[in-house]
Colleague: 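The structure under discussion is supplied below as structure tokens; questions concerning it will follow.
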Amino acid sequence: MDSRAVLTLFVLSSILLFKDNVCVAYKKTVTQPHVLFILADDLGFNDVSYNGRNHGSAMKTPTIDKLAAEGVTLGNYYVQPICTPTRSQLMSGRYQIHTGLYHAIIWPDLPSCLPLEEITLAQKMKESGYATHMIGKWHLGFYKKECLPTYRGFDTYLGYYLGSEGYFNHNRSDSVEGIKMNGYDFHRDVGENLTPAWEYNGQYSTFVFTQEAQNILRQHKPTDKPIFMYLPYQAVHGPMEVPEQYTEPFKDKIKDKTRLNLAGMVSCMDEGIANITKTLKETGLYDNTIMIFSTDNGGPTILHYNNWPLRGAKGTLWEGGVHGVGFVHSPLLPAQVQGTVNKAFIHVSDWFPTIVQSIAGGQLNGTKPLDGFDVWDSIIKGTSSPRKELLHNIDPYFVKVTNITQLPSPFTPDIHAALRVGDWKILTGNPGVYNGWIPPLESGIVPIQPVMPEGKNIWLFNITADPDEKYDVAYKNPSVVKMMLAKLAEYYNTTVPVLWPDPDPNCDPANHGGVWGPWM
């Protein structure tokens, strides 16, 4: 066979096709794409520069901007308003009212976790033939070892179990029933081998997590299983800690110390993503990798994170709490969708069926009924989303935590809830404390605080026409309000008991070698 024939056969064997909506690489070794899911923590809608440059923000995210611009930017993408709920829906594909994690977050002293009967995204990816690696923040419970990442489908794990800690010292303090607690929370787990990773004390977590991702990619061999890597960075959640070299470029434009540190933290994470992308290319894995990027919730404006021009902040059901930044980047995407902004209605719970079924080519059997939809066709073909409505949440305990084991009945508009159906969004009860429109400090724009009439508990917006929630049209559309309240009542009737056990002082790290870890 002459050299031209050999070359032709080699090229043909490497052609990438989307068959049955599954990206298939016809190569001898890897026939499924690698999947890299990067989750930023508390990254505000206006804290990426592809949004912020048009709204007075000094933040710089050149890597995120480039990857989004070359891929598919998700322009109608939603997450949950706080940490644990977003992560639970990503890992389970199910609304938090169906897992019990619909009130607040999992605090260090709560003997609670994503229910063990829930099948996780990692378990389905492992079942689909993937090597599964997690690097970063877990925050889905740790009170017993069965709750931890390597018992929930991940082959390896490096990171921390709790919701926040020091970036350098990896310590977390807490107080339970008057007992002050402090412990180290950084672990390297492989299978059932759970090991405190003391060697990282003093090392900045964004560096550590980036380097771990690079090491896993460099160690991958052509004959190895395809990689599913879940990388939930600590960045850019508080505390506001970052090496000083990352704040220097912003000192002329940002005078507030908290926001200055945030700019540095965002910049450092952006650099980390650049380094991982470079490693993907150096190792030859990039051409067969699908990268998904998402925030976990809106930014906390009280700490000068920013969601402008959206209303509200982290912890609220306003758009500033739930309308997230996200994109899909891959050379495997069809040329006609690369560089586009996709307006399909997509929620974080949709990644479970999308990744397992349409990207990995796996099966969804064995899970509990999913609330997520497979949206891969919407991303790669630009078709309309199969998702027509979205329950943002229902939390009857949002304001006052009493009788928390008994679900109030029936649903009333006094309950903290929000629902989207088509263009309509309804909010009931108290949507959250931070309900204004807060511009970036450096923009010079004056914040807008709405007048909130006493006793008001229903708001209705046409989100398509009014994405910033400026015009409440509830009084003009009583029939829509009635329909939306009826749907909320239907969802409420499917709610399982809330997972909110009493705090347990036995979690104290002093009883466990100075480390936060399983105590039951």
Side-chain angles (χ1 to χ4, degrees), residues 76-81 85 89 94-99 102-103 310-312 315-323 343-350 369-373 384-400 403 406-437 450-498:
N76 193 15
Y77 177 58
Y78 286 84
V79 290
Q80 295 307 109
Q89 297 202 37
R94 286 162 50 78
Y95 288 151
Q96 61 203 79
I97 64 164
H98 296 149
T99 63
Y102 50 89
H103 177 68
L310 302 179
R311 182 177 185 175
T316 78
L317 294 173
W318 303 110
E319 291 290 286
V322 297
H323 190 154
K343 294 294 187 179
F345 192 14
I346 297 173
H347 180 243
V348 67
S349 64
D350 298 332
L370 298 179
D371 295 303
F373 293 85
S384 62
S385 173
R387 176 175 289 284
K388 304 304 178 187
E389 61 186 61
L390 169 61
L391 178 69
H392 290 295
N393 195 27
I394 301 174
D395 182 359
Y397 314 108
F398 180 74
V399 177
K400 192 175 183 181
N403 298 321
Q406 184 174 352
L407 193 67
S409 183
F411 177 83
T412 72
D414 291 328
I415 291 175
H416 170 85
L419 172 69
R420 172 90 175 267
V421 178
D423 296 332
W424 296 109
K425 177 181 176 182
I426 192 170
L427 300 96
T428 64
N430 179 354
V433 175
Y434 306 105
N435 54 42
W437 296 268
V451 176
M452 300 289 281
E454 186 175 350
K456 183 172 176 59
N457 60 8
I458 295 176
W459 295 259
L460 181 72
F461 301 95
N462 183 320
I463 288 296
T464 303
D466 179 24
D468 303 335
E469 296 172 305
K470 292 180 179 178
Y471 307 105
D472 176 17
V473 294
Y475 70 98
K476 292 182 178 179
N477 297 275
S479 62
V480 176
V481 170
K482 183 178 179 181
M483 176 271 293
M484 299 287 275
L485 289 174
K487 279 189 171 288
L488 277 171
E490 290 175 10
Y491 276 113
Y492 192 65
N493 289 336
T494 71
T495 301
V496 301
V498 67

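Worth knowing before you read on, the calculation uses all heavy atoms, side chains too, and leaves out hydrogens, waters and symmetry mates.
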Colleague: According to side-chain contact (heavy atoms from CB on, under 4.5 Å), who are the partners of D423, at least two apart in sequence or on a separate chain?
Modeller: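 Partners of D423 by the side-chain contact (heavy atoms from CB on, under 4.5 Å) criterion, ordered by chain and then number, come out as N462, T464.
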Colleague: Heavy atoms, side chains only, cut-off 4.5 Å: are E490 and N493 in contact?
Modeller: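 No, side chains not in contact.
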Colleague: Does R387 form a side-chain contact (heavy atoms from CB on, under 4.5 Å) with I346? I'd like the steps, not just the answer.
Modeller: CA-CA 7 Å; R387 176 175 289 284; I346 297 173; over 6 Å; no
Colleague: Looking just at side-chain N and O atoms, do H103 and D395 make a donor-acceptor pair shorter than 3.5 Å?
Modeller: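 There is such a pair between these side chains.
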Colleague: Go through the structure and list residues passing ring pair (Phe, Tyr, Trp, His ring centres under 6.0 Å) with F411, not counting sequence neighbours.
Modeller: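 If we apply the ring pair (Phe, Tyr, Trp, His ring centres under 6.0 Å) test to F411, skipping adjacent residues, the hits are Y492.
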Colleague: Using the side chain to side chain donor-acceptor pair (under 3.5 Å) criterion, which residues pair with Q89? Sequence neighbours excluded.
Modeller: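 For Q89 the side chain to side chain donor-acceptor pair (under 3.5 Å) partners, ignoring immediate neighbours, are Q96.
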Colleague: So which heavy atom on N76 is nearest to which on H323, and how close?
Modeller: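 Smallest heavy-atom distance, with atoms named: CA-NE2, 4.3 Å.
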Colleague: Which residues pass the side chain to side chain donor-acceptor pair (under 3.5 Å) test with T316, not counting sequence neighbours?
Modeller: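 Expected list: none.
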Colleague: Examine distances only and state if a side-chain atom of R311 and a backbone atom of G320 form a donor-acceptor pair shorter than 3.5 Å.
Modeller: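 Between the backbone of G320 and the side chain of R311 there is no qualifying donor-acceptor contact (under 3.5 Å).
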Colleague: Rounded to the nearest 0.5 Å, how far does CZ of R420 lie from CD1 of I463?
Modeller: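 Here the rounded value is 6.0 Å.
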Colleague: Calculate, to the nearest 0.5 Å, the distance between atoms CG and CG belonging to D472 and L427 respectively.
Modeller: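 The CG atom of D472 sits 9.0 Å away from the CG atom of L427.
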Colleague: Taking side-chain contact (heavy atoms from CB on, under 4.5 Å) as the definition, give me every residue that meets it alongside N430, ordered by chain and number, with sequence neighbours left out.
Modeller: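 Listed in chain order: F398, V399.
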Colleague: Out of the candidates W424, Y475, Y471, W318, only one should pair with W459 under the ring pair (Phe, Tyr, Trp, His ring centres under 6.0 Å) rule; please name it.
Modeller: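 When ring pair (Phe, Tyr, Trp, His ring centres under 6.0 Å) is applied between W459 and each of W424, Y475, Y471, W318, only W318 qualifies.
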Colleague: What residues form a side chain to side chain donor-acceptor pair (under 3.5 Å) with N435, not counting sequence neighbours?
Modeller: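 Checked N435 against side chain to side chain donor-acceptor pair (under 3.5 Å); zero matches.
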Colleague: Which atom names give the shortest non-hydrogen contact between L391 and A418, and what distance separates them?
Modeller: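 Nearest heavy atoms, L391 then A418: CD1-O, 3.7 Å.
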Colleague: Just to verify, what does K343 make a side-chain contact (heavy atoms from CB on, under 4.5 Å) with, not counting sequence neighbours?
Modeller: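 Counting only residues at least two positions away or on another chain, K343 forms a side-chain contact (heavy atoms from CB on, under 4.5 Å) with V341.
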Colleague: Consider side-chain contact (heavy atoms from CB on, under 4.5 Å). Of L317, N393, V322, which one does Q80 pass it with?
Modeller: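 For Q80, the side-chain contact (heavy atoms from CB on, under 4.5 Å) check succeeds only for N393.
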Colleague: Among residues at least two apart in sequence or on other chains, which ones pass ring pair (Phe, Tyr, Trp, His ring centres under 6.0 Å) with F345?
Modeller: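 F345 satisfies ring pair (Phe, Tyr, Trp, His ring centres under 6.0 Å) with Y78 only.
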Colleague: Taking all heavy atoms of P497 and all of Y102, pick out the closest pair and write down the distance.
Modeller: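 In this case the closest contact between P497 and Y102 is C-OH, 3.7 Å.
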Colleague: Taking all non-hydrogen atoms of both residues, which atom of P369 and which atom of R94 are closest, and how far apart?
Modeller: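 Scanning both residues, the minimum pair turns out to be O-NH1, 2.8 Å.
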Colleague: Could you check if a side-chain atom of N457 sits within less than 4.5 angstrom of a side-chain atom of T428, using non-hydrogen atoms only?
Modeller: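 No, side chains not in contact.
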Colleague: How long is the gap from CD1 on I415 to CD1 on I394, to the nearest 0.5 Å?
Modeller: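 Going from the CD1 atom of I415 to the CD1 atom of I394 covers 7.5 Å.
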Colleague: Taking all non-hydrogen atoms of both residues into account, name the closest pair between A344 and S385 and its distance.
Modeller: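 Looks like CB-CB, 4.0 Å.
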Colleague: Take atom OH in Y491; do more than 12 heavy atoms of anything else shown fall under 6.0 Å from it?
Modeller: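 More than 12 heavy atoms, drawn from other residues, nucleotides or ligands, come within 6.0 Å of this atom.
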Colleague: Please list, chain by chain and in numerical order, all residues satisfying ring pair (Phe, Tyr, Trp, His ring centres under 6.0 Å) with W437, sequence neighbours excluded.
Modeller: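 Not a single residue meets the ring pair (Phe, Tyr, Trp, His ring centres under 6.0 Å) criterion with W437.
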Colleague: Which residues pass the side chain to side chain donor-acceptor pair (under 3.5 Å) test with H392, not counting sequence neighbours?
Modeller: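 For H392 there are no side chain to side chain donor-acceptor pair (under 3.5 Å) partners, ignoring immediate neighbours.
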Colleague: Please list all pairs meeting salt bridge (Lys or Arg N to Asp or Glu O under 4.0 Å) that have one or both residues in residues 459-470, counting only residues at least two apart or in different chains.
Modeller: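 Qualifying pairs, neighbours excluded: K425-E469.
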Colleague: Between side-chain atoms of residues 477-488 and protein atoms elsewhere (two or more places apart, or another chain), which donor-acceptor pairs fall under 3.5 Å?
Modeller:
unit_1, atom_1, unit_2, atom_2, d
N477, ND2, V473, O, 2.9
K487, NZ, E389, OE1, 3.2

